[in-house]
Amino acid sequence: MFFLTTAIDYTNGSPHIGHAYEKVLADVIARYHRLAGEEVYFLTGVDQHGQKVQQTAEKEGVSPAEYVATVTARFSSLWEKIGVEYDGWAETVDPRHKTCVSAILTDLHARDQIYKKSYKGFYSVRQEQFLTDRDRNEAGEFGAEWGEVTEIEEENYYFKLSEHTPWLRDFLEKSDDTILPAFRKAELVNALEKNTGADLCISRPKDRLTWGIALPFDDDFVTYVWFDALINYISFIGYSPDPTLPEFESIWTNRPVHIIGKDILVPAHGIYWLAMLHAIGFTDEKMPQLLVHGWWNRSGEKMSKSLGNIVDPMELADTFGVDALRYYLVRDIHTGKDSNFDVERLVMLFNTELANELGNLCNRALNMSVRYTEGVISPGGPLTPDDTALQQSLIDNTAAYRKAMDNHEVSMALEAINRHVVHCNQYVDRLKPWELNKNLESKGRLATVLHHLAESVAHCAVLLSPVLPDAAAKLADQVKLPKLTELKLEDLKWGLIPDGHEIVKPSPVFPRIEIKAEE
RNA sequence: CGCGGGAUGGAGAAGUCAGGUAUCUCGUCAGGCUCAUAACCUGAAGAUCGUAGGUUCAAAUCCUGCUCCCGCAACCA
């Protein structure tokens with residue numbers, strides 16, 4: 001089983017382009033693994049507890065539960081809109097999740113992995129958090145942004161993180177494929193060096209925060225939001241058995257892939273989560289891989305609410321279509337790196353690569369078949385070097401596509417498809433089917449050429465399907481082979497189109513996006 | 001000496017780990033084709049690969065120094 005998850009989104013505001021990117025990336029990877037014939041379980045969801053949600057709900061004058069329900073609906077309707085299809089949906093307010101978190105806490109507490117300790121420090125009332133020396137300004141004082149700061153003493157529960165960090169250091173040392181891409185590993189290892197000896201505070205007193213999961217062994221506290229949220233990756237696949245959840249052992253069979261943003265690698269996933277799994281008995285062979293993606297910036301700067309440069313994916317989908325949005329989100333960024341969000345590039349990439357190159361190839365090829373051979377596709381006569389070169393291009397680029405997708409490098413996989421499409425367009429120009437049609441003796445040759453083009457379109461439709469499932473189905477419909485959508489990668493052999501297959505007059509699958517002259 | 005990422009033709013990127021004549025898309029210029037979604041194809045111009053040194057027969061790639069840009073309080077993938 002290929003078990004894939006994303007970070008669960010914090011329900012403290014509307015989804016933006018970054019949320020959409022992560023889920024589309026995960027959806028594409030999940031669909032690709034299905035296409036490769038694997039069994040896949042794709043889990044995503046929302047993180048609903050914690051102080052910030054409680055504060056925002058208060059500000060809006062509703063209960064946290066109501067607030068969270070509203071925001072959650074915005075996320076799930078976006079996923080439906082842009083074709084993100086998951087097998088499991090995680091909401092941390094779910095009682096089944098609470099049961100699992102409580103069970104884990106109880107177990108860790110019973111095994112002395114959790115202890116109670118008093119902590120004395122500087123506390124910001126406005127931000128409702130303890131401050132450290134890092135929060136001091138150049139003058140060594142806590143700045144005005146913290147409001148009133150007082151020194152208080154408070155008891156809390158701690159998880160013995162320090163007992164697991166030596167293991168984690170060794171494990172990361174040995175493992176080259178736990179943190180992907182590899183360049184992210186250094187940051188994590190560095191953070192670990194500094195973190196030695198520190199345990200993790202996993203509780204918040206109820207007089208400060210009530211919106212969370214109560215500690216099973218002390219009702220005066222709720223669970224720290226990360227210790228609650230991270231457990232979603234196992235709670236929603238039945239770590240605590242539940243008839244309405246999958247069977248845990250059938251899902252977490254080997255190393256799952258967690259797709260997360262670069263901001264939550266350190267310390268949350270890279271340290272806390274791996275240490276938590278280790279503490280509850282997961283072996284090295286079962287440790288997840290963390291696929292860490294970069295950010296979409298605007299003009300080189302981070303997107304943020306305060307800068308007002310947030311991009312709404314729902315709006316983009318409405319304006320430019322789901323195909324253009326999905327394609328752009330995985331085409332114009334290299335997995336792991338940052339990229340600049342630019343609507344003009346979104347339109348450009350759709351128009352050139354999908355409309356002009358692939359869409360137009362499909363259209364011109366099928367049109368010629370309709371006009372010259374009454375829509376009948378047949379292999380025709382003997383092959384020439386041009387034909388074998390085209391077949392070789394398909395073989396080579398399919399291999400390149402697979403290699404890229406296996407490395408989660410979707411943009412490179414799409415480049416491979418494009419290379420074949422370009423090859424096909426060159427093939428058309430070189431062999432000029434409209435000329436072949438003029439002579440009776442070249443009719444056999446004409447059939448071969450048109451067959452090669454139709455066959456290529458069929459292959460491309462399948463290869464494109466993880467990224468653009470709807471468009472792939474439309475392409476399959478154009479070549480009148482609806483069964484294409486059921487094919488697996490291993491079925492992609494030359495000869496998808498049977499001899500004598502009939503097609504009809506095509507219509508554009510990717511109509512060009514025309515930008516209105518406004519603004 | 002806080003940590004990490006980055007600097008490659010006009011724009012955006014790949015290539016850097018495993019050194020060997022600089023790649024792709026867009027844009028610009030000039031041609032061609034007419035099957036097709038004013039789409040397609042061909043050719044050209046344009047890069048001292050941030051900078052100064054070093055290693056090497058050979059450096060965008062390895063080593064050292066320096067400069068500049070972006071993240072690391074909050075909102076936040």
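Residue numbers begin at 1 in each chain, while the letters A, B, ... track the order of the sequences. The analysis underlying the following values was restricted to heavy atoms, covering all of them including side chains, and did not include hydrogens, waters or symmetry mates.
- OP1 and OP2 of B:C40 both lie 4.0 Å or more from every side-chain N or O belonging to A:Q426.
- In this structure, B:C72 and B:G2 make a Watson-Crick or G-U wobble pair, each of the two defining distances being under 3.5 angstrom.
- To the nearest whole angstrom, the two C1' atoms, one in B:U28 and one in B:G10, are 9 Å apart.
- For the pair A:H451 and A:I497, the tightest heavy-atom approach, listed with the atom from each and the gap, is NE2-O, 4.0 Å.
- Rounded to an integer number of Å, the gap from CE of A:M348 to C1' of B:G27 is 9 Å.
- Nucleotides B:U55 and B:C62, compared at atom C1', are 8 Å apart to the nearest Å.
- Interface remark: the A:K302 side chain does not form any donor-acceptor pair with the B:C70 base, using a distance-only criterion of under 3.5 Å.
- Under 4.0 Å is where a charged nitrogen must lie from a carboxylate oxygen, and between A:E85 and A:R31 at least one such pair does.
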Contact string for nucleotides 11-17 of chain B, one letter per nucleotide 5' to 3', B = base within protein heavy-atom range under 4.0 Å, S = sugar-phosphate only, - = neither, reads -SSSS--
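- For the residue pair A:R371 / A:N437, no side-chain donor-acceptor distance below 3.5 Å is found, with atom types taken as modelled.
- On a pure distance criterion of 3.5 Å, a polar donor-acceptor pair joins the side chain of A:N360 and the base of B:A36.
- Comparing the same atom, P, in B:A77 and in B:C72 gives a spacing of 14 Å after rounding to whole Å.
- Atom C1' of B:A39 sits at a distance of 11 Å from the matching atom of B:C35, rounded to the whole Å.
- Using modelled atom types and a 3.5 Å distance limit, the side chains of A:N397 and A:H423 yield no donor-acceptor pair.
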| task | May I have the step-by-step check of salt bridge (Lys or Arg N to Asp or Glu O under 4.0 Å) for A:D429 and A:K432, ending in yes or no? | result | CA-CA 5 Å; A:D429 270 57; A:K432 302 182 174 52; over 6 Å; no
